[in-house]
Amino acid sequence: MMRIGVLEVDGISTLPEPILHHILSFLPFKEVAQTCLLSKRWKQVWQTFPDVEVGGMFTNPRKSKEILTSLEPALLNRQRKMISIKKFSLELDLINSPENASLAGRCLGLAIESEVKELVLVHWRSERRNLPEIIFYVESLHVLELSYCKLQQPSENVKLFSLRKLALREVCADDQAIASLISGCPLIEYLEIRSCEGLESLDLVNLSNLKEIILVNTSDIKRVEIKTSNVNALAIHQTYLFPIEVNVSSCGNLKCLKFDFLPIEDEWLCNGISKLPLLEYLSMTKCHKLTSVRISSPCLKTLILECCDKLIQVEIETPNLSIFKYHGDLISFSSNALSLSETSLCFSSHLMVNIEWVVEYFEILAMFQKFSKVLNLQCREGEVCQWLNACLQYIYIWLNVPFYRVIYHHAL
């Protein structure tokens with residue numbers, strides 16, 4: 001019987017190059033680079049792959065030199081063939097190595113000449129180095145992420161006219177350097193400043209496209225002034241209660257506001273929220289100067305109050321509130337929210353749990369069970385947990401609600 005030969009066809013290799021690039025985008029960059037050894041076809045696909053990501057946090061100076069030495073001719077080949085680069089990420093240790101720094105500068109220049117859209121520079125474990133000024137004039141950039149760098153005042157006006165996202169992490173820069181950088185990004189939509197040194201005052205003015213601002217562990221900063229009306233989300237997270245002045249009165253379109261470890265006071269909160277008519281999400285954690293929270297907001301849907309130790313009273317006029325989460329001492333609550341889909345309560349007590357505490361606890365539960373579809377109860381302190389465990393079945397009976405509407409968690 002004659003055996004008919006079957007011609008094997010590599011269906012994947014025959015796919016269009018953009019589809020192959022998309023498939024490779026799900027792999028680590030090191031594995032993407034290894035595909036060039038498969039065949040001439042895959043070598044061509046690798047040479048035109050739009051993302052170039054090299055280095056890593058554990059790359060030592062010797063390894064950095066090897067990487068940069070092989071990277072330079074590859075980038076030069078792309079530049080000569082006019083192959084654009086979508087993302088260029090360089091994460092290397094350049095400490096005590098002028099040769100590596102020079103190599104990195106040349107590689108960066110070649111990436112820029114290839115009209116890079118997204119640029120990520122990280123100097124792991126090294127002293128903060130001055131950035132080459134060339135990066136401030138790359139008009140093709142859409143994303144710029146800088147880590148462990150030193151940012152100085154550019155000699156000319158910044159021209160990042162296409163930039164949408166700017167992230168500064170562990171960057172050393174003063175007010176003037178940051179202001180000059182941001183002023184040269186007229187289309188910026190996302191701004192992140194994390195654990196940066198030297199920045200004391202941040203003014204964001206007339207940035208009509210700016211939508212989201214994230215400030216994390218900016219211990220030197222004393223003042224934040226936001227005068228741009230289209231911001232939708234603002235998050236400020238600190239690890240210590242450093243004095244800081246925040247002005248968001250001009251952010252009329254703000255929908256999401258998160259404060260963590262901020263020394264905001266009662267008057268600021270009451271006046272500030274009244275100037276944010278579209279606010280839908282408000283979270284305040286460890287804001288230890290708050291004693292009385294009074295909020296009147298027609299659009300607010302989610303309110304989170306956690307570990308504000310001096311808080312003794314909460315009054316909310318929020319007819320559209322859907323989710324309310326509270327963690328702290330038993331305090332006085334009053335609310336006109338009538339359609340909560342979920343309420344989460346985690347009570348702790350700095351005092352002994354006595355009959356007065358129990359009565360107040362039941363009164364608060366009774367109030368929330370009337371207008372909450374789901375009531376989540378949590379506890380973290382031993383005496384409170386022991387009492388709740390003993391009385392849980394009576395809580396269900398006393399509240400007169402089905403078991404599925406009250407969910408109890410013993411949080412560790």
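Reckoned from all heavy atoms, side chains included, excluding hydrogens, waters and symmetry mates.
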Q. Roughly how far apart are L71 CG and L110 CG, rounded to 0.5 Å?
A. 8.5 Å

(Q) Quick test of your reading: applying ring-ring contact (aromatic ring centres under 6.0 Å, His included), list the pairs with at least one residue in residues 173-210, sequence neighbours left out, ordered by first then second residue. (A) none

Q) Is the side chain of S180 donor-acceptor paired with the backbone N or O of A177 at a distance under 3.5 Å, no angle test? A) no

Q: Given side-chain hydrogen bond (donor to acceptor under 3.5 Å, both in side chains), test N253 with S229 step by step and report yes or no.
A: CA-CA 6 Å; N253 290 311; S229 60; 4.7 Å; no

**Q.** Set of residues satisfying salt bridge (charged side-chain N to carboxylate O under 4.0 Å, His left out) with respect to E72, sequence neighbours excluded
**A.** R106

Q: For N230 and L210, indicate whether the former's side chain and the latter's backbone hold a donor-acceptor pair under 3.5 Å.
A: no

Q) Looking at the rings of F259 and H237, which for Trp means the six-membered one, are their centres under 6.0 Å apart? A) no

Q: Return the set of residues passing salt bridge (charged side-chain N to carboxylate O under 4.0 Å, His left out) with K227 (not counting sequence neighbours), or none when no residue passes.
A: E225

(Q) Parallel, tilted or perpendicular, judged at 30° and 60°: which one describes the rings of F371 and F368? (A) perpendicular

Q: List for me each residue that meets side-chain contact (heavy atoms from CB on, under 4.5 Å) alongside I304, sequence neighbours excluded, and say none if there are none.
A: Y281, S283, T302, E306, K325

Q. Under the side-chain contact (heavy atoms from CB on, under 4.5 Å) criterion, do L303 and I295 qualify, and how do the steps go?
A. CA-CA 10 Å; L303 175 61; I295 297 175; 4.0 Å; yes

Q: Check for a donor-acceptor pair, side chain of N247 on one end and backbone N or O of S249 on the other, with a separation under 3.5 Å.
A: yes

Q: Write out all pairs satisfying salt bridge (Lys or Arg N to Asp or Glu O under 4.0 Å) with one or both partners inside residues 176-192, taking only residues at least two apart or from two chains.
A: R169-E192, E192-R194

Q.
Looking at every heavy atom in both L75 and I85, which two are closest together, and how far apart are they?
A. CD2-CD1, 3.7 Å

Q: Dump the intermediate steps for ring-ring contact (aromatic ring centres under 6.0 Å, His included) on H327 and F347, then the final yes or no.
A: CA-CA 6 Å; H327 176 201; F347 291 116; 9.3 Å; no

Q: Tell me, please, which residues at least two apart from S84 pass side chain to side chain donor-acceptor pair (under 3.5 Å).
A: none

Q: Would you indicate whether K255, at its atom NZ, is surrounded by more than 12 heavy atoms from other residues, nucleotides or ligands within a distance under 6.0 Å?
A: no

Q. Should S292 and R294 be marked as a side-chain hydrogen bond (donor to acceptor under 3.5 Å, both in side chains) after you check the CA-CA gap, both sets of side-chain angles, and the distance that decides it?
A. CA-CA 6 Å; S292 179; R294 292 182 173 87; 2.7 Å; yes

Q | No-hydrogen, no-angle side-chain donor-acceptor test under 3.5 Å, Q313 and S332 | A | no

Q.
Testing the basics here: between I135 and L160, what is the closest heavy-atom pair and its distance to 0.1 Å?
A. O-CD2, 3.3 Å

(Q) Side chains of Q238 and D260: any donor to acceptor distance under 3.5 Å? (A) no

Q | Listed partners of S89 passing side-chain contact (heavy atoms from CB on, under 4.5 Å), at least two apart | A | E53, K87, E91, V120

Q: Tell me, please, which residues at least two apart from A179 pass side-chain contact (heavy atoms from CB on, under 4.5 Å).
A: none

Q. Which residue pairs pass the salt bridge (Lys or Arg N to Asp or Glu O under 4.0 Å) test with at least one member in residues 202-213, sequence neighbours excluded?
A. D203-R223

Q) Atom OG1 of T218 and atom CG of L168: how far apart are they, to the nearest 0.5 Å? A) 11.5 Å

Review item, side-chain donor-acceptor pairs of residues 267-280, under 3.5 Å, at least two apart:
from	atom 1	to	atom 2	distance (Å)
W268	NE1	V246	O	2.9
N271	ND2	E267	O	3.3
S274	OG	N271	O	2.5

Q.
Could you work out, with salt bridge (charged side-chain N to carboxylate O under 4.0 Å, His left out) as the rule, every residue matching K301, not counting sequence neighbours?
A. none

Q) What residues form a side-chain contact (heavy atoms from CB on, under 4.5 Å) with V314, not counting sequence neighbours? A) V293, L305, L311, I316, I331, F333

Q.
For E317 and S297, which I'm curious about, is there any donor-acceptor pair between the side chains at under 3.5 Å?
A. no

